[in-house]
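Here the structure comes first, spelled out in structure tokens, and everything after it is commentary.
Below, chain A is the first sequence line, B the second, and so on; all start at residue 1.
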2 protein chains.
Amino acid sequence: MTTIKEVAARAGVSQATVSRVLNGNPRVSAVNRQRVEAAIQELGYRPNTLAKSLVTRRTHSAGMIVGSLGGPFYGDIMHEAERVLSRAGIHLIVTAGNDHLEEERSAVEFLLERRCDCLILHVNELPDHELARLAQDGPPLIIINRLLPEHAAHCIWLDNEKGAYLATRHLLERGHRHIACIAGPADKCDSNERIAGYRRALHDFGVTYRPEWLVHGHFAENGGYEAARVLLSRQSDITAAFCANDFIAVSAMEAFREAGLSVPDDISVVGFDDVMFTRHVMPRLTTIHFPVREMGRRAGLLALHLMGMAEGEAASGRLQPELVVRASTRSLG
Amino acid sequence: MTTIKEVAARAGVSQATVSRVLNGNPRVSAVNRQRVEAAIQELGYRPNTLAKSLVTRRTHSAGMIVGSLGGPFYGDIMHEAERVLSRAGIHLIVTAGNDHLEEERSAVEFLLERRCDCLILHVNELPDHELARLAQDGPPLIIINRLLPEHAAHCIWLDNEKGAYLATRHLLERGHRHIACIAGPADKCDSNERIAGYRRALHDFGVTYRPEWLVHGHFAENGGYEAARVLLSRQSDITAAFCANDFIAVSAMEAFREAGLSVPDDISVVGFDDVMFTRHVMPRLTTIHFPVREMGRRAGLLALHLMGMAEGEAASGRLQPELVVRASTRSLG
DNA sequence: ATAGTCCTTGTAAACGCTTTCACAACATCT
DNA sequence: AGATGTTGTGAAAGCGTTTACAAGGACTAT
């Protein structure tokens, strides 16, 4: 790899002059500028960002942690954040935390060691106080899909409770009174918020919640299949099910179908997230739209903001879910 | 940020000793080792990888370029590659090229400037000779989903032609003789290879290809909708369609349905890629399985190999597609 | 005693860049 | 004339690490 020194030698100037050309410093004579540019071309010189960052203390990069590099949810977030950031010359470095405490910690460590100018975190296991400490003595921090009350200005989150409320209310308004809830893992707060919204809706409509209506699945693909079977085995005359996400909903529908129940004729199903493929499943899934892309976009914007690179309002805050009615729910009777 | 110097001062030793502790060098007395470790804890010291890499000339990172950070295809590739690499202590840095020449170039530049130890490229626009040059004077290079004949040992690609052949043959074996092809964009080589496979199959079964059977869509979501409508407008009595990917297939099915055609009763449809949701669409899509995850895994493995960190065989080479028969195709008559 | 090992430690020179400072050369004002 | 800017330039210090290399101390073998 050629260095700035060699370029300087070739151009017959000092390193300082080459550096000035590289950084667009106007205090360089036209002659020298040309010479340097020629030398750069000829040698195929490529500045070493490591060295540069070492002295400038800026890496022009934002670090992001997501649950996993795969999957439609994170894909959209990364994609949108990257769009916003790259337009401002900031590169996004993404790493997976895999919803695992140790991995999340080491991911943070990794990004910190790389001296990212800003951190965008989607972490499940890292406890609040560690995040708080990080926010205090690290680079600017943005937390997505989670609310730290003391750091709300750095958080972007979804009103999960409301989403679940909307979904359940939709079922109630269509006359359903025996409504199951296939929730996510019991230890995720997303999951619990959604359960809360479900219960509030029941309560508002004067329906008494029954424990046998609730069952837990996991958020990944096929997460709802087993859960739905458990539910069915309980014989609890349900006519509708609110599912904590679309994967659960789709795989639960499969289980229902196998049990001879038709969706939506025998049982109505609502999902959550509105991931891309919900439009293509049959019946097309009624679900709660999660503005993921907006979340990604805002994360990028807020990052720029905190790095002092964006004008206008900060983009933190709560995002609103919306009900999308399709074909997997119908009125009772 | 605390530096190694401060740690040294606090522990009452030299920087060199701290560095030795950091790097697990055994030539440090137990006493000093403890002192240093204590100092590190107390100060919350975090080594600066930038500085480290500057001198060691290793960044312990592999750079990857994909078309976009979103989407199931790249998601899987990134995910699998990351799994393999992170287990070996190598971090994956992913950047999007957005299938755009300039962006791909600048993505390469970015990764090169970051001094990644290895590059994994999924690029569409970058011409062969630029890749060849890169392979020559840059870090180890891996090219996925594309074959550079002179660099086959660094490539991992899919036999697209064969996949298309299998798909088309399946339709032919079921008695179809008027088979459309909804291809991808005409300028992508994936797309053209798949067209070639389609035509070879027709030829092998003695069916004469007709130009009005071919229509181009794009690979993204809904890419097949318009294309299918064009196809229908041609009145070409087709009974089956081979689609160049699953997104095309799914949106084409929608167009067929809108036109009053039932899949598979009136028209059979085969997709390509076998992305996750094809199992959940209705009718469940017959498609060609593209071993994406295997491709990602191999890319990671090959990267390790080229960095001299893996034992065993190199993982380059051609991946085989497989036909997955589901419910969107049926026998004619 | 003396020389030869083996360990542990510190000193100082890199790594490739930016940036401050000083200085020369020249232009512009009293 | 002299004083005062203005510009373009290079020398050198520093960013936070690693890593020769050398040196000192504690042994052992003569």
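Considering A:I120, A:V108, A:L134 in turn, A:L134 is the only one that fulfils the side chain to side chain contact (heavy atoms under 4.5 Å, CB included) rule with A:L141.
The stretch residues 2-25 of chain A participates, sequence neighbours left out, in no ring-ring contact (aromatic ring centres under 6.0 Å, His included) pair at all. Pairs passing the salt bridge (charged side-chain N to carboxylate O under 4.0 Å, His left out) check and including a residue from residues 293-305 of chain B, sequence neighbours excluded, read B:E80-B:R293, B:E294-B:R297, B:E294-B:R298. Identified under the side chain to side chain donor-acceptor pair (under 3.5 Å) test for residues 120-135 of chain A, with sequence neighbours left out: A:D99-A:N124, A:R105-A:E130, A:H122-A:N145, A:D128-A:R146. Counting only residues at least two apart or in different chains, salt bridge (charged side-chain N to carboxylate O under 4.0 Å, His left out) contacts with residues 50-72 of chain A comprise A:R58-A:D117.
Rounded to the nearest 0.5 Å, atoms CD1 (B:I143) and OG (B:S316) are 11.5 Å apart. Here CZ of A:F110 is found 4.5 Å from NE2 of B:H91. Values are rounded to the nearest 0.5 Å. The distance from the CZ atom of A:F290 to the CG atom of A:D190 is 7.0 Å, given to the nearest 0.5 Å. Annotation: the span from A:T3 atom OG1 to A:K5 atom NZ amounts to 6.5 Å, rounded to 0.5 Å. A distance of 5.0 Å separates CG of A:L126 from CG of A:L131, quoted to the nearest 0.5 Å.
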For residues 36-44 of chain A, tabulate all N or O donor-acceptor pairs below 3.5 Å that involve a side-chain atom, not counting sequence neighbours.
{"residue": "A:E42", "atom": "OE1", "partner": "A:R10", "partner atom": "NE", "Å": "2.7"}
{"residue": "A:E42", "atom": "OE1", "partner": "A:R10", "partner atom": "NH2", "Å": "2.7"}

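Running 5' to 3' along DNA chain C, contacts with non-hydrogen atoms of chain B at under 4.0 Å begin and end at C:dT8 to C:dG16.
If one axis is set at each end of the helix from C:dA1-D:dT30 to C:dT30-D:dA1 from five pairs, those axes are 50° apart, to 10°.
Qualifying side chain to side chain donor-acceptor pair (under 3.5 Å) partners for B:E113, counting only residues two or more places apart in sequence or in other chains: none. For B:V28, the side-chain contact (heavy atoms from CB on, under 4.5 Å) criterion is met by B:T17, B:R20, B:V21, B:N32, B:R33, not counting sequence neighbours.
Interface residues of residues 1-20 of chain B facing DNA chain D, ordered by number: B:T3, B:I4, B:Q15, B:A16, B:S19; criterion, heavy-atom separation under 4.0 Å. For DNA chain C, the neighbouring residues in residues 28-53 of chain B, judged by any heavy atom under 4.0 Å, are B:V28, B:S29, B:N32.
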Review point. side-chain contact (heavy atoms from CB on, under 4.5 Å) between B:M1 and A:D137: does it pass, once the steps are laid out?
Key: CA-CA 9 Å; B:M1 288 270 99; A:D137 49 37; over 6 Å; no
Review item, nucleotides 4-7 of chain D N/O atoms under 3.5 Å of protein N/O:
none

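Rounded to an integer number of Å, the gap from A:R114 CZ to D:dG16 C1' is 15 Å. Rounded to whole Å, atom P of D:dT17 lies 9 Å from atom CG of A:L54.
Pairing each heavy atom of A:V84 with each of A:G300, the nearest pair is CG1-C, 3.8 Å.
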